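The analysis underlying the following values was restricted to heavy atoms, covering all of them including side chains, and did not include hydrogens, waters or symmetry mates. Chain letters run A, B, ... following the sequence lines, proteins first, then strands; residues in each count from 1. Treat the numbers as computed from the prediction; the structure is a model and nothing was measured.
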Amino acid sequence: MIIATWNINSIKARLETALAWVREAKPDVLCLQELKCESEAFPSAAFEELGYTCTIHGQKTYNGVALLSKAAPEDVRRGLPGDEADTQSRYIEALFPFGKRMVRVASIYLPNGNPLGTEKFTYKLGWMDRLHAHAKKLLRLEEPLVLAGDYNVIPKPIDAKHPEAWVNDALFQPESRARFRELQILGFTEAVRALAGDQPGLYTFWDYQAGAWQKNNGIRIDHLLLSPQAADHLKAVRIDKHVRGWEKPSDHVPVVITLA
DNA sequence: ATGACATATGAGATATGA
């Protein structure tokens with residue numbers, strides 16, 4: 001079973017790019033982030049032609065997450081629990097068939113948090129605390145679970161070409177990184193580092209500006225966290241870096257795992 | 001270097017991103 005995550009940076013502006021990659025990679029479940037469109041405006045028909053069901057938690061202009069799947073979803077949850085006043089569409093989860101059992105998959109668009117010293121950073125940390133609480137509850141189900149998405153966290157210096165350039169950025173703050181570690185300490189396995197070890201130069205985002213892609217000036221901020229019951233089945237992981245070189249690319253590329 | 005790029009909104013300039 002192939003599960004992927006991809007911050008698409010506007011599904012409407014990137015529809016042909018998204019379709020091309022889905023045709024190429026044929027994921028069973030694709031977690032999308034930054035749709036930048038309302039649920040009703042999501043171009044579902046184009047994906048349905050490829051055999052996918054689109055389960056969407058959209059929002060006008062900003063945010064928006066989706067689960068595209070070959071199988072029908074069950075037990076769909078839209079929105080991260082813990083703050084009824086939070087109107088930002090950054091979380092969707094559902095259950096999908098995985099052999100004779102099921103796997104729960106979440107598509108996560110964690111807040112950026114910049115600039116520091118503002119409510120945006122406070123919101124990021126609060127959102128991470130809510131994610132921690134929800135993840136802890138989900139773990140108690142003792143089922144295969146994959147929390148996939150744009151975490152907007154650079155876990156370690158090895159995850160940036162120029163880590164010193166990020167020391168004043170919300171993505172690389174000790175508070176952000178500690179919360180990402182605390183998630184894993186709950187019992188999650190981070191797919192890329194689990195299989196690639198300390199291999200340097202693994203990035204999932206390259207800024208549009210200043211020739212970042214051409215200089216391979218990237219960061220690794222898109223992650224898949226696996227419950228023990230999912231990690232037991234983790235066979236492969238890859239970062240589809242070549243997609244960043246396509247026409248009209250997102251600034252993020254897909255990260256893909258195989259469970260078997 | 002509050003800039004470069006890119007997108008959405010809406011029709012010019014601003015907000016957001018990372």
Ring centers of A:Y109, A:Y91 separated by less than 6.0 Å: no
Sugar-phosphate, base or nothing in reach of [X], heavy atoms under 4.0 Å:
X	answer
A:R220	nothing
A:F172	nothing
A:D150	sugar-phosphate
A:D251	nothing

[N] and [M]: how far apart are their [atom1] atoms, nearest whole angstrom?
N	M	atom1	value
B:dA4	B:dA18	C1'	13 Å
B:dG10	B:dA15	C1'	13 Å
B:dG17	B:dG3	C1'	14 Å
B:dG12	B:dT7	C1'	16 Å

Output the rounded distance in Å from [atom1] ([X]) to [atom2] ([N]).
X	N	atom1	atom2	result
A:K36	B:dT14	NZ	C1'	14 Å
A:H223	B:dA18	NE2	C1'	13 Å
A:E34	B:dA18	CD	P	5 Å
A:R244	B:dA18	CZ	P	13 Å
A:L35	B:dT16	CG	C1'	16 Å
A:F205	B:dC5	CZ	C1'	10 Å
A:N168	B:dA1	CG	P	12 Å

Is it true that, when you exclude [X] itself, more than 12 heavy atoms of the residues, nucleotides or ligands shown sit nearer than 6.0 Å to its [atom1]?
X	atom1	answer
A:D75	CG	yes
A:K235	NZ	yes
A:E164	CD	yes

Does [X] make a side-chain N or O approach to OP1 or OP2 of [N] shorter than 4.0 Å?
X	N	value
A:S10	B:dA8	yes
A:N63	B:dT16	no
A:Y109	B:dA18	yes
A:R14	B:dT7	yes
A:H252	B:dA18	yes

Minimum-distance nucleotide to [X] side chain [options: [options]]:
X	options	result
A:Q209	B:dG17, B:dT9, B:dA4	B:dA4
A:N114	B:dA18, B:dT16, B:dA8	B:dA18
A:K120	B:dA8, B:dG17, B:dA6	B:dG17
A:A13	B:dA8, B:dA18, B:dC5	B:dA8
A:N9	B:dC5, B:dA8, B:dT7	B:dT7
A:T61	B:dA6, B:dT9, B:dA18	B:dT9

Pair of N/O donor and acceptor under 3.5 Å linking B:dA18 base with A:N112 side chain: yes
A:R193/A:D198 under salt bridge (charged side-chain N to carboxylate O under 4.0 Å, His left out): CA gap, chis, key distance, verdict: CA-CA 7 Å; A:R193 287 301 170 208; A:D198 292 330; 5.4 Å; no
Given DNA chain B, 5'-ward residue of the pair A:Y208 and A:C37, judged by closest heavy atom: A:Y208
Charged tip of A:R220 within 45° of A:Y203 ring normal and under 6.0 Å: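 Not flagged: A:R220 not positioned over aromatic ring of A:Y203.
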NZ/NE/NH1/NH2 to OD/OE distance under 4.0 Å, A:E93 and A:R104: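 So A:E93 pairs with A:R104 through a salt bridge.
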